[in-house]
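Step one of this worksheet: look at the structure below.
FYI, side chains are in, hydrogens and waters are out, and symmetry mates aren't considered; it's all heavy atoms of this structure. Letters A, B, ... are given to chains in the order of the sequence lines, protein chains preceding strands, and every chain is numbered from 1. Computed from a predicted model, the values in this text were never measured in an experiment.
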Amino acid sequence: MEQMLGDKFSLKADLIIGIGDLSNLTGVSARQLRYWEEKKYIESVTDGKSSARKYKFEMFYKVRAIKLLLDEGLTLAKAAEQAEQQRQKVEICKKFVNAVFTDVVIEDPEKVLGKIMMGYLDEDQKRKVVGIVAEGRSYIEVQTKK
DNA sequence: TTTCTTACA
DNA sequence: TGTAAGGA
């Protein structure tokens with residue numbers, strides 16, 4: 001029977017990295033990272049013990065996004081705003097996936113294609129909603145059981 | 001060695 | 001933003 005996927009879709013990237021690593025990983029200087037934090041564009045976790053900044057690994061994605069937008073010519077303020085919106089959109093998608101996706105069936109391991117079970121439209125479970133991920137085309141269909 | 005803050009170019 | 005200075 002179909003089961004709730006739950007945490008299978010939410011990777012717990014609870015890795016903590018220092019400012020040096022984050023800088024090397026993103027190509028953004030430590031000076032910039034401290035400044036961005038001061039401007040509230042990014043945040044670090046305070047472990048209380050040392051005054052050294054520590055960052056959750058998710059911050060790597062945000063810093064990378066800001067840098068990419070910055071390289072495209074956006075101002076720091078605009079880049080940070082867009083990066084935050086992108087992050088929020090991804091978060092909303094994750095919530096949706098975790099709440100609605102019931103199971104993911106792999107049908108073609110080679111091409112990574114399959115179907116996504118998304119529950120039923122009615123109580124008597126006669127109309128099943130399935131997301132089809134096929135080659136070059138993906139869509140949602142309602143499979144009706146007689 | 002690495003990171004921190006402050007201050008100046 | 002980069003860099004120097006002087007401490008953790």
Side-chain angles (χ1 to χ4, degrees), chain A residues 1-121 123 125 127-143:
Chain A
M1 197 58 213
E2 296 164 358
Q3 59 177 36
M4 289 299 289
L5 295 174
D7 292 331
K8 289 181 181 177
F9 278 118
S10 57
L11 300 176
K12 289 184 182 176
D14 55 354
L15 299 176
I16 300 297
I17 61 179
I19 195 171
D21 293 325
L22 185 56
S23 178
N24 290 157
L25 249 32
T26 60
V28 174
S29 72
R31 173 75 170 85
Q32 285 177 297
L33 292 174
R34 295 192 187 97
Y35 179 67
W36 294 3
E37 180 175 346
E38 186 188 327
K39 302 291 282 184
K40 304 294 185 184
Y41 296 145
I42 61 175
E43 67 175 16
S44 63
V45 294
T46 314
D47 59 347
K49 303 174 183 177
S50 77
S51 60
R53 274 166 259 259
K54 296 296 178 185
Y55 301 89
K56 290 184 178 179
F57 194 72
E58 294 96 273
M59 205 49 65
F60 160 77
Y61 297 110
K62 186 167 187 180
V63 171
R64 165 148 68 30
I66 294 176
K67 180 184 168 46
L68 256 32
L69 293 168
L70 227 40
D71 291 342
E72 285 177 18
L74 298 198
T75 61
L76 175 58
K78 291 294 183 184
E81 184 186 333
Q82 260 200 45
E84 173 59 16
Q85 291 193 342
Q86 285 176 16
R87 191 191 67 69
Q88 289 183 13
K89 287 182 180 180
V90 169
E91 197 175 310
I92 290 173
C93 288
K94 281 183 180 177
K95 286 184 180 179
F96 180 79
V97 167
N98 283 314
V100 177
F101 287 19
T102 270
D103 192 21
V104 178
V105 180
I106 299 172
E107 301 197 307
D108 186 334
E110 282 300 312
K111 297 176 180 176
V112 193
L113 303 175
K115 53 185 180 182
I116 301 167
M117 314 313 285
M118 304 171 74
Y120 298 87
L121 285 180
E123 288 301 312
Q125 306 194 337
R127 287 185 295 169
K128 179 190 288 184
V129 180
V130 181
I132 307 296
V133 180
E135 211 169 356
R137 63 200 169 87
S138 294
Y139 53 92
I140 294 175
E141 73 175 25
V142 176
Q143 301 178 349

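Nucleotide C/dG2 holds its P atom 10 Å from the CH2 atom of A/Trp36, rounded to whole Å. The OH atom of A/Tyr35 sits 17 Å away from the C1' atom of C/dT3 (whole-angstrom rounding). Protein atom CD of A/Glu38 is 13 Å distant from nucleotide atom C1' of B/dA7, rounded to whole Å. Here the C1' atom of nucleotide B/dC4 and the CZ atom of A/Arg53 are 7 Å apart, to the nearest Å. Atom-to-atom, OH of A/Tyr55 to C1' of B/dT3 comes out at 10 Å; the value is rounded to the nearest Å. Protein atom CD of A/Glu37 is 12 Å distant from nucleotide atom C1' of B/dC4, rounded to whole Å. Following rounding to the nearest Å, A/Gln32 (CD) and C/dG2 (P) show an atom-to-atom distance of 5 Å. Distance, A/Arg34 CZ to C/dT3 P: 13 Å, rounded to whole Å.
Contact between the side-chain N/O atoms of A/Ser29 and the OP1/OP2 oxygens of C/dG2 is found at a separation under 4.0 Å.
Remark: A/Glu91 engages A/Arg87 in a salt bridge, criterion side-chain N to carboxylate O under 4.0 Å.
Searching all strands for a Watson-Crick or G-U wobble partner of B/dT1 with both distances below 3.5 Å returns nothing.
Ring-plane geometry between A/Phe57 and A/Phe60 is classed as parallel, the angle between the planes falling under 30 degrees on a 0 to 90 degree scale with a further cut at 60.
Between A/Trp36 and A/Val28, some side-chain heavy-atom pair lies under the 4.5 Å cut-off. Residues A/Phe101 and A/Met118 are in side-chain contact: their nearest non-hydrogen atoms beyond the backbone lie under 4.5 Å apart.
Summary of the strand contacts: A/Arg31 and A/Ala52 both lie near DNA chain B, and taking for each the nucleotide with the nearest heavy atom, the more 5' one is attributed to A/Ala52.
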